[in-house]
Amino acid sequence: MDKMPKWADVVLIPLISLFLAALLSALVILGIGEDPVAAVKLMVDGALGSTYGWGYTLYYATNFMFTGLAVAIAAHAGLFNIGGEGQAMLGGLGVALVCLLIPWPHWTLALVFAALGAGLFGAAWAAIPAYLQAKRGSHIVITTIMFNFIAAAVLNYVLVNLLRPEGSMDPATERFPEAVHLPSLHELLAPIGIEFSKSAPANVSLLVAVGACLFVWLLIWRTPLGYEIRSLGKSEPGARYAGISSVRTIMIAMLISGALAGMMAVNNVMGEAERLVLNATEGAGFIGIAVALMGRNHPFGVFLAAILFGFLYQGGAELALWTSIPRELIVVIQALVILFTGALDNMVRMPLERIFLAMRKGQN
Amino acid sequence: MDFLTIIQLLDSTVRLATPLLLACLAGLFSERAGIFDIGLEGKMLMAAFFSAAVAAATGNVWLGLLAGIGSSLLLAGLHGVASITFRGNQLISGVAINFLAAGMTVLIAQDWFQQGGRTPSLIGGGRFTPFDLPFAESLSGVPVLGPVYSELLSGHSILVYIAFLAVPATWWVLFRTRFGLRLRAVGENPAAVDTAGVSVVGLRYAAVMICGLLCGIAGAYLATALQAGFVKDMTAGRGFIALAALIFAKWRPWHAMGACLLFGLLQAIALRFQNIELGGITIPVQAMDALPYVLTVVILAGFVGKAIPPRAGGEPYVKER
Amino acid sequence: EPALIFDLGGKFDKSFNEAAHGGAQRWAEETGQSYREVELQSEAQREQALRRFAEAGANPIVMVGFAFADALGQVAADYPDTKFTIIDMVVEGDNVRSVVFNEHEGSYLVGMMAAMASKSNTVGFIGGMDIPLIRKFACGYAEGVKAANPDAKVISNMTGTTPAAWNDPVKGSELTKAQISQGADVIYAAAGGTGVGVLQTAADEGILSIGVDSNQNHLHPGKVLTSMTKNVGNAVFEAFTDGADMETGFSVMGLSNGGVGYAMDEHNAPLISAEMQAAVDEAAAKIASGEIKVHDYMSDDSCPALSF
Amino acid sequence: MTAPAIELKGISKAFGPVQANKDISISVAPGTIHGIIGENGAGKSTLMSILYGFYKADKGEVWIKGKRTAIPDSQAAIAAGIGMVFQHFKLVENFTVLENIVLGAEDSGMLMPSLRRARKELKALEEEYELFVDPDARIDEIGVGAQQRVEILKALYRKAEILILDEPTGVLTPSEADQLFRILDRLRAEGKTIILITHKLREIMEYTDTVSVMRRGQMTATVKTAETSPEHLAELMVGRKVLLRVDKVPARPGAPILEIENLRVVDSAGVERVKGIDLTVRAGEIVGIAGVAGNGQSELLEVLGGMRPGTGSIKLHGTPLPLQGNGSDAAARRDARIGHVPEDRQREGLIMDFHAWENVAFGYHRDPAYRNGVLMNNAALRADTEAKMQKFDVRPPDPWLAAKSFSGGNQQKIVVAREIERNPDLLLVGQPTRGVDIGAIEFIHKQIVALRDQGKAILLVSVELEEILSLADRVAVMFDGMIMGERPADQTDEKELGLMMAGVAGEAA
Ligand SMILES: Nc1ncnc2c1ncn2[C@@H]1O[C@H](COP(=O)(O)OP(=O)(O)OP(=O)(O)O)[C@@H](O)[C@H]1O
Ligand SMILES: Nc1ncnc2c1ncn2[C@@H]1O[C@H](COP(=O)(O)OP(=O)(O)OP(=O)(O)O)[C@@H](O)[C@H]1O
Ligand SMILES: [Mg+2]
Ligand SMILES: [Mg+2]
């Protein structure tokens, strides 16, 4: 007998946690002498009030879908992949190499191969921690943290010493050729008569991200491989009993996870910046953790949570632009969301369970 | 490299190893008690800010130190509530605390000082000043040992000496006191401690609070001794390097000191030299930056002795049948 | 309403960005009008900030730092009615004004002062990110040092290769200690926020330092020999003043038009002898008139006075 | 009359929806051994953990030596003179014996003097009670018997007057168990009071003075041991007459199905667990492996089930099966038509958070019957589950219920249904009825016998001698990784097997 209904676990708890996080965030805004209502209004206005705002919200959401899915799929295998940031950085390198080294005739082809390149590089960056976890039991949380730092160093080296164009002062690659320019939502929607902001960076990668959500959903809940991943995540001895190779499954789950994180680069590197800069990921790999926690590791939940965080991100940028509230406010909000949905969920769950138990006793 | 350069390099190693060492010992207490802590970074950062802020406001560095420790203890308490009382995921709690510190420090700094997330530069009594060991001046003339004593050993801030004294103290507490025995036991098998009539929760909170205390000193050192004020993100990953050192040291105090000195040396080298020529090959500075992390992965991979964490580490304690 | 975008160092870096901030503040005080500003958190936000201000109708938009060049190149054409000013870099465009400075000239002057103030005949240079622009500072400085004292030695270090190098006071401090141990007793920091660490450590260790961009003499009174001022504030002030109908194109700010110089005030007055000041002022006049030609590293990517 | 050493009055305790103890009262006289028996999950351990302050009762009072005593935590229990040896030892594995003993009972803040005093005291205790252990050995270096002695020493070091032992003999050989009871006798002679939880009626009959029976959270009876019989106790335990023997016709063994030769297993710590076993299981017979837990039976079953590597040879229908590397995993064993009911259904046999229908595919999830192209055919799987639930009388027959929501017996039925309905040539069965009530036991036993009667081979591992004797046709006894001997089930008895389990080899093997 469960202590409470499933919907309470899946919907009610995250919502209450989110509410608590929002409440505390409001207190923080009050604490720095600003008006939380005005701040929220500005955020909503800036992030959702125009197609320009939506364009940025969806652009960020695209990033977070990829990294959130990456965290989620690893979590299904019982692994905490904190390495999304590093994997996404390397994914950027993959995209840059694909876009710069090969003269693509059309963006569609470039997109496919850039996604492959990003996935490959991201997966490769996840492969070593995955292998060490699977074969040697090295704690993947620590190894992926270490690999984030190593990725930053590698990218730094590559951008400064190898890919920086002659005579440029920026540690960044040169601009990708015009041919690999991905159509933005403006360009996609104009033919069907929808006016979408021209300057917002949301682009066709959004569709790729939505596709990835669907793919992960099918994979996890509808394929034998997903079944194996979930089984391993729930019980390692069980997996051994069922003939599910933990090494193989950990490797596959982490490779997919790394590939998804890496594919974020299609959006931010190829779709937006159109060149690879330092710190292109802007912490999206870490936000993936919050997104997956919020979304309860379900692709649909990840989709919704990614949009929520896209909103927070764009809203936060607007705050920084138009008020004296620093952008770090969203880091605080993000921290509170992770704290309440991830680490303190028992604080919500325990009393809730008691309430449901009492309600059931009352009925009997 | 001449003798003086080497002394200088080691001198800077000591300075740079100090925050690592304090944070590493902090992690050691927490993890030995079975509470994983990837929030060392956040606690240090918070402490760095509050120590600098209070030192700037009062002009008294000791008050700053206290404030830094207090803020770090607050975050440690939060980690305790999440991972001990509510049996939450310790790793996630640590991640949240890191973000919380990264955001709150800048937010508060901006609110208080309007300097884009910094504190004003600390002057005079707002900073820890070098602390000269006895006879440092008069012995500096003695060949070899003179410079070693007066340049390398003497002239650091008092917190440096505290950090290095904390090593034998940690060893002594862990292995020679009742508290230490219980603390180690609770990290290995909390049920054994519980059935022996000792409070698991109490012990773990104590460990987490000691962790907070040491992280607080580490943060205060960064902002009020190593530098003169807070700038955002000034911990720059030191909490993670400390974590790496902790694994490298396999959770043992003396080894922790060795690991921190090694990583401090790597930082010192990376700070002073951009690219290093070694027998014809150039080692890029990025390689030096990444080396502590690479070494940690190698250790974790078990190629150089296996790092076995405390057995109950990371697991919330639930009484079971 | 004009807008100002700071680079990653942040507007209170006590140096480059702060100088720009000062100019904007001066404009706001003198005209009683307001302006918009934003500090970036990451590389990726440059374009967003530019577009957002342009969308919101800010005009002109001023950005400080060479790193905006690429983003501006993308954005400028999309907003033909908006005027942009970029500092430290040249960007083509009908609606873009590019302002660059002859930092080598100012650096030459402070180099002379360093050489004259040095007792050990060894002076130091600590640069921020290792890019041609900073080498330009270093090269001019070295030439100035040699001009005042041909036997003097110049030790030069760069802080790093990424924008993080602008904001790493610890590294600045460590490099300062290293240079001191090599005998330097005057150190010139051209490193943005990193310079804060340089000046601090120099003051702690009892040697002289030279500030950059803003007048940094007040940071450690009596310990900062002088500052190489780069009148970024003026550039911002002018752009704001010119407003929406400013003249676009390319403008060079040097010694002759007050774009660069060295700072004198009550904080460093005791450090500068009349003789030093006379020598420097003479050189300044000669440079302005073209009699002395200071080598510009960026003209041929080489430096006769210093090797990197 | 002296006051009872312990008196519990009206103790109740619920874990969420599970009422583990309901209004329980007992009283135990000082200087006696009091037994507590009851089925798995009856609430015995819960009750004792409450007495020891490990759990807090929802309701009820505890009286010690005639005084009402609040026991909010173990500290209070220890202060009241209560010591407890848990079913799963509570020792710090990488500490020494001495450190484990002083842990929580140190004299002062300094460790060294405490250790010195404990060393002296330990000597005295050892001699007094014959509780020998090396004080400087690490716990993970000593055997379970010695670990148990450490637990008892821990209690005595804390001056316990009342000693609770929860299933102490489950992990001991018969001779170790005898030694334990000699120690208990001595303690009783000293006036100490002992509470003994056990499943073994023999131990109750031989060593206790009084005995209480628990059923479904309630105390159903407390009687003087001298005035009762095993049959009567069994009846009290389950609420009806118990049929100990399984109904079955004599086996008609056919061709060998499984042939094991010189099988060896080394565990991850490098310890050899199975040391060269030869065994044959024929079609139409049930071979039972008896032995005290931890003598290599689990490893034997696991290597056959493809859960761990081994060396030597195993053949199925004469075809060798690989023991390492490719083709040696559990999936390959299933392909070879080997079914496996694992020892631990909750850790291995089921994913507790999965729905019943997902668990029915567990291990067979790549079966084409459950496939629909690259995707899984969940509808077919659910239909199949419903059929299996009907046939095996799983209650409630709801495929959508999570495995953890079924009771132990019904969980086991799901596992058994999954494995037996595959109609395997060889069925490996580990502890099929552990934690399962008597009704389900009968059902599961019947299914196993039916499979045998279809001419399939069955290898049964159980620590319950009774189960082995009633279900198996042939019994092999394992001790220390080796087979001590084989007997036809109807030509041996518990006594002979018990000797072999203690390492005394039988005559002809
Ligand atoms: N910590 C717990 N949380 C939830 N339920 C529990 C817990 N401990 C025991 N239970 C439940 O309480 C009931 C009684 O369990 P208990 O362990 O006391 O039984 P037992 O008689 O000792 O059984 P066994 O013979 O298997 O040891 C069972 O239904 C069990 O599932
Ligand atoms: N740890 C636990 N947490 C939650 N519920 C539990 C726990 N342990 C047991 N239960 C639930 O308590 C109930 C009784 O469990 P238990 O295994 O003791 O049943 P049982 O009466 O022995 O049944 P069966 O005769 O089928 O074995 C079941 O519904 C089971 O799901
Ligand atoms: Mg029990
Ligand atoms: Mg049961």
Side-chain angles (χ1 to χ4, degrees), chain A residues 46 50-53 55-56 59-60 63 92 152-153 155-161 164-175 181 197-201 267-269 272-284 313-314 316-324 326-328 330-331, chain C residues 1 3-8 10-11 34 36-56 58 65-75 77-79 82 88-90 128-136 158 160-166 298 300-301:
Chain A
S50 63
T51 58
Y52 170 86
Y56 266 100
Y59 162 71
Y60 288 124
N63 285 342
L155 209 65
N156 186 325
Y157 178 79
V158 170
L159 284 181
V160 169
N161 297 333
R164 172 159 54 174
E166 198 74 22
S168 159
M169 296 200 258
D170 267 348
T173 68
E174 60 185 299
R175 208 155 257 290
H181 168 78
S197 168
K198 200 160 156 285
S199 50
N267 186 45
N268 68 333
V269 175
E272 200 260 350
E274 305 196 359
R275 60 182 190 142
L276 182 60
V277 298
L278 271 180
N279 189 25
T281 47
E282 292 187 88
Y313 236 63
Q314 169 56 11
E318 290 287 313
L319 281 184
L321 230 37
W322 307 122
T323 73
S324 60
R327 208 164 207 248
E328 269 75 11
I330 51 177
V331 178
Chain C
E1 188 168 45
L4 176 61
I5 308 177
F6 298 103
D7 206 343
L8 293 176
K11 73 176 162 187
S34 68
R36 302 226 160 266
E37 60 177 19
V38 67
E39 292 176 272
L40 295 182
Q41 307 288 321
S42 86
E43 290 292 323
Q45 289 160 4
R46 295 184 195 281
E47 193 170 326
Q48 181 180 8
L50 279 176
R51 287 194 186 279
R52 192 66 183 105
F53 279 141
E55 295 267 322
F66 65 87
F68 282 97
D70 185 86
L72 182 60
Q74 293 299 304
V75 171
D78 289 350
Y79 302 94
T82 307
D88 263 7
M89 191 71 188
V90 180
M129 187 174 164
D130 189 2
I131 47 172
L133 177 65
I134 294 303
R135 293 186 173 198
K136 183 174 167 188
M158 296 291 178
T161 48
T162 64
W166 302 123
M298 288 171 81
D300 60 356
D301 277 359

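To find a chain, count down the sequence lines: A is the first, B the second, and so on, and within it residues start at 1.
- The distance from atom CZ of A:R175 to atom CD of C:Q74, rounded to the nearest 0.5 Å, is 3.0 Å.
- With a 4.5 Å cut-off on non-hydrogen atoms, C:I134 does not touch chain A at all.
- Residues C:Q45 and A:E282 have side chains that bring a donor and an acceptor to within less than 3.5 angstrom of each other.
- With contacts defined as side-chain heavy-atom distances shorter than 4.5 Å, the pair C:E47/A:P201 does not qualify.
- The side-chain contact (heavy atoms from CB on, under 4.5 Å) check on A:E318 picks up A:Y52, A:Q314, A:L321, A:W322, C:R52, with sequence neighbours excluded.
- Each of A:E328, A:R164, A:R327, A:K198 has some count of heavy-atom pairs under 4.5 Å with chain C, and the biggest count is that of A:R327.
- Each of C:Q48, C:M298, C:M89 has some count of heavy-atom pairs under 4.5 Å with chain A, and the biggest count is that of C:Q48.
- C:E55 is linked by a salt bridge (charged side-chain N to carboxylate O under 4.0 Å, His left out) to nothing, counting only residues two or more places apart in sequence or in another chain.
- There is no contact between A:A172 and chain C, counting heavy-atom distances below 4.5 Å.
- Heavy atoms closer than 4.5 Å to chain C are found in the side chain of A:Y56, but not in its backbone.
- Of the atoms belonging to C:D70, heavy atoms from both backbone and side chain fall under 4.5 Å from chain A.
- Between chain C and the residues A:V160, A:V277, A:L159, A:N279, the most heavy-atom pairs under 4.5 angstrom are made by A:V160.
- The two residues A:S199 and C:R51 come nearest to each other via the heavy atoms O-CD, 3.3 Å.
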